[in-house]
Student: 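Quick one: the structure is below, questions incoming.
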Amino acid sequence: MDKNILREILIDQKEIFLNRKGLIEREIPLDSYLSTQQVVVISGVRRCGKSSLLFLIKEKMRLNPDEFCYCNFDDERVVASTQTLNDVYTIHLETYRKEPVFFFDEIQLAPNWEKFINRMYEQGKKIYVTGSNAQLLSSEISTSLTGRNKVLELYPFSFSEYLRFKSRSYDMTYLSVKQQSLLQNDLNTFLETGGLPLVLKENDLDIAHSLFQDILYKDIVARYKLTNVEEIRQIGLFLASNIGKLFSYSTLQSISGTKSLSSIKDYLHYYESSYLFAYLRKFDYSVKKQMANSRKVYTIDNAIANRLGFRFSDNIGRLLENCIYLELKRRGCEIFYFSQKHECDFLIKEGMNIMEAIQVIYSLNKENALREIAGLQESMETYKIPKGTLIVFEDRYKEQLPDKISMVSASEWLTN
């Protein structure tokens with residue numbers, strides 16, 4: 001593209017980048033990402049706050065405008081190419097006459113980006129990039145940047161970050177009855193709205209629908225040159241309506257009208273690579289059996305399920321389960337589900353052993369307690385798990401719990 005036009009775009013982009021206000025600190029220890037000499041790759045779904053995190057990193061590094069080079073490739077004015085990457089660099093040198101720290105947004109849109117980044121890395125440059133396609137990032141990193149990158153996977157706001165965004169403050173060591181009520185109300189709202197920053201800022205769930213559209217058309221249909229748009233869309237709507245539930249290939253074939261099993265598998269992979277949906281496997285010591293069993297689906301943010309999914313009476317319980325799933329992923333846990341005679345929502349694996357079983361219940365009462373506890377107990381007995389946890393929104397069960405099983409409120413667990 002014309003270098004002078006690119007220069008104007010970069011000036012415009014940097015002005016927008018520097019004009020970010022009202023950002024909250026993310027619950028991510030950034031010290032190792034600031035001190036590393038490796039290429040830092042920030043990955044995550046569109047609109048989860050990756051660009052804002054770049055800005056927060058820039059602030060912590062105390063960089064002046066002439067000390068960093070910023071380009072957002074998710075800009076229709078930018079013709080992403082290898083030459084564009086080189087031009088971005090030379091424009092900075094011509095403008096400021098000093099070497100920059102690089103900040104590149106949606107880097108996967110630039111062909112052969114990893115080769116340019118590798119060359120800059122070898123010259124000793126400090127580089128931060130973001131991307132919203134796991135497959136492209138991982139394949140390109142493994143080609144040219146193996147051992148030279150440090151990946152930070154970013155999620156939408158956690159409940160604690162949501163509270164900070166809303167300027168709420170609670171002393172969890174002592175909560176009055178009024179504060180408990182307010183905290184529960186905040187969590188209920190969070191389960192409905194999720195943690196996508198722009199959805200919260202604008203108080204508009206339709207932004208979640210716009211996000212789905214962007215992912216569908218830009219990240220999936222256009223990128224993989226697909227024509228069966230309605231098939232893929234129907235699968236996305238089905239998954240959004242069934243978070244926390246098992247799904248089968250045959251069901252997806254039926255609801256989408258897709259005859260090809262390989263196409264179904266491809267579509268699921270595309271949604272996973274864009275970070276929109278994730279699939280949880282049933283635990284088994286045999287990896288082959290794990291692969292053969294049905295999986296459960298979760299979504300990257302509750303706003304997706306609320307805006308795109310169908311409403312059911314048990315919707316709030318599944319939203320809580322999705323919220324707990326996301327928090328476990330934020331904490332870096334390796335997660336599975338359990339299903340035999342009874343079911344247990346999450347098994348937490350550390351090394352070769354399952355260390356904790358977790359059951360998520362919106363309202364625990366005498367009608368459902370035996371079933372929910374039975375799922376925990378069966379999983380614990382099957383895999384010799386030392387710890388079982390009931391995470392509940394509200395507790396209406398007053399009986400004593402079995403040994404090795406404890407109960408914690410969802411609001412306390414999410415803010416711990």
Side-chain angles (χ1 to χ4, degrees), residues 27 158-160 170-175 180 183-184 187 190-191 243-246 278-287 289-290 293-298 314 316-416:
E27 292 187 324
S158 67
F159 181 51
S160 293
Y170 296 97
D171 180 1
M172 298 305 294
T173 59
Y174 176 77
L175 288 175
Q180 289 177 29
L183 180 60
Q184 291 290 77
L187 179 53
F190 179 69
L191 294 180
I243 56 169
K245 289 190 172 184
L246 296 171
Y279 317 117
L280 189 65
R281 296 192 180 279
K282 177 182 175 181
F283 180 75
D284 198 290
Y285 283 113
S286 165
V287 176
K289 288 183 179 178
Q290 276 187 28
N293 285 317
S294 294
R295 293 174 290 172
K296 292 170 71 175
V297 63
Y298 294 93
D314 66 341
I316 193 68
R318 289 196 274 131
L319 290 174
L320 178 61
E321 184 180 333
N322 195 76
C323 181
I324 300 300
Y325 168 82
L326 290 172
E327 185 59 32
L328 288 169
K329 295 297 290 183
R330 280 190 197 93
R331 296 178 185 184
C333 297
E334 187 177 1
I335 322 169
F336 300 86
Y337 75 88
F338 172 87
S339 179
Q340 288 188 7
K341 182 180 178 182
H342 301 285
E343 297 180 358
C344 181
D345 294 323
F346 304 119
L347 303 183
I348 312 303
K349 185 170 180 276
E350 296 179 14
M352 296 301 294
N353 301 312
I354 303 296
M355 300 306 295
E356 184 178 6
I358 294 176
Q359 197 79 297
V360 182
I361 312 102
Y362 186 80
S363 179
L364 186 68
N365 51 55
K366 62 181 181 180
E367 283 75 29
N368 63 17
L370 291 179
R371 180 186 71 245
E372 302 292 354
I373 292 171
L376 266 181
Q377 287 181 310
E378 185 182 18
S379 68
M380 293 170 71
E381 290 166 3
T382 302
Y383 294 114
K384 305 295 186 291
I385 303 171
K387 179 183 179 182
T389 305
L390 292 162
I391 299 178
V392 303
F393 182 87
E394 57 184 12
D395 172 24
R396 297 180 178 177
Y397 183 68
K398 303 307 176 187
E399 304 297 323
Q400 185 172 349
L401 295 172
D403 289 343
K404 298 182 180 179
I405 293 178
S406 61
M407 181 163 52
V408 61
S409 71
S411 55
E412 179 183 348
W413 187 88
L414 286 165
T415 53
N416 189 1

Student: If you look at every heavy atom in Gln184 and Ser411, which pair is closest and at what distance?
Tutor: OE1-OG, 3.4 Å
Student: Are side-chain heavy atoms of Ile324 and Leu414 found at a separation under 4.5 Å?
Tutor: yes
Student: With the side chain counted from C-beta on, respond yes when Ile335 and Ile348 share a heavy-atom pair under 4.5 Å apart, and no when they do not.
Tutor: yes
Student: Looking only at heavy atoms, what is the nearest atom pair of Phe159 and Leu187, with distance?
Tutor: CE1-CA, 3.6 Å
Student: Give me the atom names and distance for the closest heavy-atom approach of Asp284 to Gln290.
Tutor: O-NE2, 2.7 Å
Student: Would you check if Tyr298 and Leu280 make a side-chain contact, meaning some heavy-atom pair closer than 4.5 Å?
Tutor: yes
Student: Do Leu246 and Lys282 have side chains that approach each other closer than 4.5 Å (heavy atoms only, starting at C-beta)?
Tutor: no
Student: For Ser160, give me all partners under side chain to side chain contact (heavy atoms under 4.5 Å, CB included), at least two apart in sequence or on another chain.
Tutor: Glu27, Ser158, Thr415
Student: Roughly how far apart are Ser294 OG and Arg281 CZ, rounded to 0.5 Å?
Tutor: 10.5 Å
Student: More than 12 non-hydrogen atoms from neighbouring residues, nucleotides or ligands closer than 6.0 Å to CG on Asp403, yes or no?
Tutor: no
Student: Any heavy-atom pair between the side chains of Tyr362 and Leu191 that's under 4.5 Å?
Tutor: yes
Student: Checking side chain to side chain contact (heavy atoms under 4.5 Å, CB included) between Ile361 and each of Asp395, Leu320, Leu390, which is the one that passes?
Tutor: Leu390
Student: Any donor-acceptor pair under 3.5 Å linking the side chain of Asn416 with the backbone of Glu412?
Tutor: no
Student: Which pair of heavy atoms, one from Phe338 and one from His342, lies closest together, and at what distance?
Tutor: CE2-O, 3.6 Å
Student: Between Asn353 (side chain only) and Met355 (backbone N and O only), is there a donor and an acceptor less than 3.5 Å apart?
Tutor: no
Student: If I take atom OG from residue Ser409 and atom CG from residue Leu364, how far apart are they, to the nearest 0.5 angstrom?
Tutor: 12.5 Å
Student: List, one per line, each side-chain donor-acceptor pair under 3.5 Å for residues 365-373, sequence neighbours excluded.
Tutor:
{"from": "Asn365", "atom 1": "OD1", "to": "Glu367", "atom 2": "N", "distance (Å)": "3.0"}
{"from": "Asn365", "atom 1": "OD1", "to": "Asn368", "atom 2": "N", "distance (Å)": "3.1"}
{"from": "Asn368", "atom 1": "OD1", "to": "Asn365", "atom 2": "N", "distance (Å)": "3.0"}
{"from": "Asn368", "atom 1": "ND2", "to": "Ser363", "atom 2": "O", "distance (Å)": "2.8"}
{"from": "Glu372", "atom 1": "OE1", "to": "Gln359", "atom 2": "NE2", "distance (Å)": "3.3"}

Student: Calculate, to the nearest 0.5 Å, the distance between atoms SG and CD belonging to Cys344 and Gln377 respectively.
Tutor: 11.0 Å
Student: Just verifying a value: how many Å separate Met380 CE and Lys404 NZ, rounded to the nearest 0.5 Å?
Tutor: 6.5 Å
Student: Between atom CG of Asn293 and atom OH of Tyr337, what is the distance when rounded to the nearest 0.5 Å?
Tutor: 5.5 Å
Student: Are any side-chain N or O atoms of Asp345 and backbone N or O atoms of Val360, one a donor and one an acceptor, separated by less than 3.5 Å?
Tutor: yes
Student: Would the distance check show the side chain of Lys349 and the main-chain N or O of Phe336 forming a donor-acceptor pair, the cut-off being under 3.5 Å?
Tutor: no
Student: Are any side-chain N or O atoms of Gln180 and backbone N or O atoms of Leu175, one a donor and one an acceptor, separated by less than 3.5 Å?
Tutor: yes
Student: Minimum heavy-atom separation for Ser406 and Leu401, please, with both atom names.
Tutor: C-CD1, 4.0 Å
Student: Is it true that Lys296 and Glu321 make a salt bridge, defined as a side-chain N closer than 4.0 Å to a carboxylate O?
Tutor: yes
Student: Can you tell me how far CD of Glu356 sits from CG of Leu376, rounded to the nearest 0.5 angstrom?
Tutor: 9.5 Å
Student: For the OH atom on Tyr285, are there more than 12 heavy atoms of other groups (residues, nucleotides or ligands in this structure) within a distance under 6.0 Å?
Tutor: yes
Student: Which heavy-atom pair separates Ser379 from Ile385 by the least distance, and what is that distance?
Tutor: O-CD1, 3.4 Å
